[in-house]
Student: 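Okay, handing you the structure first.
The figures here come from the full heavy-atom set of this structure, side chains too, leaving out hydrogens, waters and symmetry mates.
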Amino acid sequence: MRSFLFFLTVSFFVAPALAQAEKIAYVDVAKVFDGYQKTKDNDAKLQGAGKKKEEERDALVHEVRRLKDEQALLAEDAREKKQAAIDAKVRELQEFDLAARRDLGNQRNQTVKEIFKDIDDVVQRYGERKGYDLIFNDRVLLYRNPRFDVSQDILGELNRNYQKSKK
């Protein structure tokens, strides 16, 4: 009974609001995110940073291997000293891996936040400028008519704004 009253109350307030909505649209946020030039540029930048970290890591791995090769040629008492150097280098490698993953993850998270903020801002301005009453994220819709899709408009505006900001 309580859920029926809740449904009735929600229907009473929401139905008139939806009935008065004259202009509605939706945005395929994933499509906009993937098509946004800033996303592509930042992905390329992160890949470059990832390659640089990989090269640094490869140098550390090479150093560990070199130390192990040297250790194999040493007398027993000198091997123990070399093992300490190897252990230190392995710890350095592990710390490097951890820091690299953390740093690249933080950069990616920050970039994604900025991109979603850009998308939200453009959708807000677009909706106000075009007189929309409601603009939905397509992921929350069970059915959608393609004629209400404004994703290309949003993507075009995002990319134009991004190109202007790069100048």
Student: Enumerate donor-acceptor pairs with a distance under 3.5 Å from any side-chain N or O in residues 58-66 to protein atoms, sequence neighbours excluded.
Tutor:
unit_1: Glu63; atom_1: OE1; unit_2: Arg66; atom_2: NE; d: 3.3
unit_1: Glu63; atom_1: OE1; unit_2: Arg66; atom_2: NH2; d: 3.4
unit_1: Glu63; atom_1: OE2; unit_2: Arg66; atom_2: NH2; d: 2.4
unit_1: Arg66; atom_1: NH1; unit_2: Glu70; atom_2: OE1; d: 3.3
unit_1: Arg66; atom_1: NH1; unit_2: Glu70; atom_2: OE2; d: 2.1

Student: Looking at Asp121 and Lys117, is any side-chain nitrogen of the basic one under 4.0 Å from a carboxylate oxygen of the acidic one?
Tutor: yes

Student: Under 3.5 Å, side chain of Thr111 to main-chain N/O of Asn42, donor-acceptor pair present?
Tutor: no

Student: Name each donor-acceptor pair under 3.5 Å that joins a side chain in residues 101-109 to protein atoms two or more places apart or in another chain, with its distance.
Tutor:
unit_1: Asn106; atom_1: ND2; unit_2: Arg102; atom_2: O; d: 3.4
unit_1: Arg108; atom_1: NH1; unit_2: Asp43; atom_2: OD1; d: 2.7
unit_1: Asn109; atom_1: ND2; unit_2: Gly105; atom_2: O; d: 3.4

Student: Considering only residues two or more places apart or on different chains, which pairs with a residue in residues 140-149 satisfy salt bridge (Lys or Arg N to Asp or Glu O under 4.0 Å)?
Tutor: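 Every salt bridge (Lys or Arg N to Asp or Glu O under 4.0 Å) pair that includes a residue of residues 140-149, provided the two are not neighbours, is Asp138-Arg144.
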
Student: Under the ring pair (Phe, Tyr, Trp, His ring centres under 6.0 Å) test, which residues partner Phe96, sequence neighbours left out?
Tutor: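 None.
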
Student: With sequence neighbours left out, what residues match Lys164 under side chain to side chain donor-acceptor pair (under 3.5 Å)?
Tutor: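 Here no residue qualifies.
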
Student: Distance alone, cut at 3.5 Å: any donor-acceptor contact between the side chains of Asp41 and Tyr162?
Tutor: yes

Student: Using a distance-only test with no angle check, is there a side-chain donor-acceptor pair under 3.5 angstrom linking Asp153 and Tyr126?
Tutor: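 Note: Asp153 and Tyr126 side chains meet the donor-acceptor criterion.
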
Student: Please tabulate, one pair per line, all N/O donor-acceptor pairs under 3.5 Å involving side-chain atoms of residues 46-53, not counting sequence neighbours.
Tutor:
none

Student: If we only count heavy atoms from C-beta on, is the Gln152 to Val27 side-chain gap below 4.5 Å?
Tutor: no

Student: Establish, for the pair Lys23 and Tyr132, whether the NZ or CZ atom is under 6.0 angstrom from the six-membered ring centre and no further than 45 degrees off its axis.
Tutor: yes

Student: If you count heavy atoms of other groups shown closer than 6.0 angstrom to CZ of Arg129, is the number above 12?
Tutor: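 For Arg129, atom CZ is crowded (more than 12 foreign heavy atoms under 6.0 Å).
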
Student: Set out, in order, the CA-CA distance, both residues' side-chain angles and the distance that settles side-chain hydrogen bond (donor to acceptor under 3.5 Å, both in side chains) for Gln83 and Asp87, then state yes or no.
Tutor: CA-CA 6 Å; Gln83 186 61 47; Asp87 292 344; 2.7 Å; yes

Student: Taking a hydrophobic cluster as the set of Ile, Leu, Val, Met, Phe, Trp and Tyr residues connected by side-chain heavy atoms closer than 4.5 Å, whether directly or through intermediates, do Ile135 and Ile115 fall within one such cluster?
Tutor: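 Looking at the clustering, Ile115 is in the same group as Ile135.
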
Student: Can you tell me if Gln37 and Gln163 form a side-chain donor-acceptor pair at under 3.5 Å?
Tutor: no

Student: Are side-chain N/O atoms of Asn159 and Tyr36 paired as donor and acceptor at under 3.5 Å?
Tutor: no

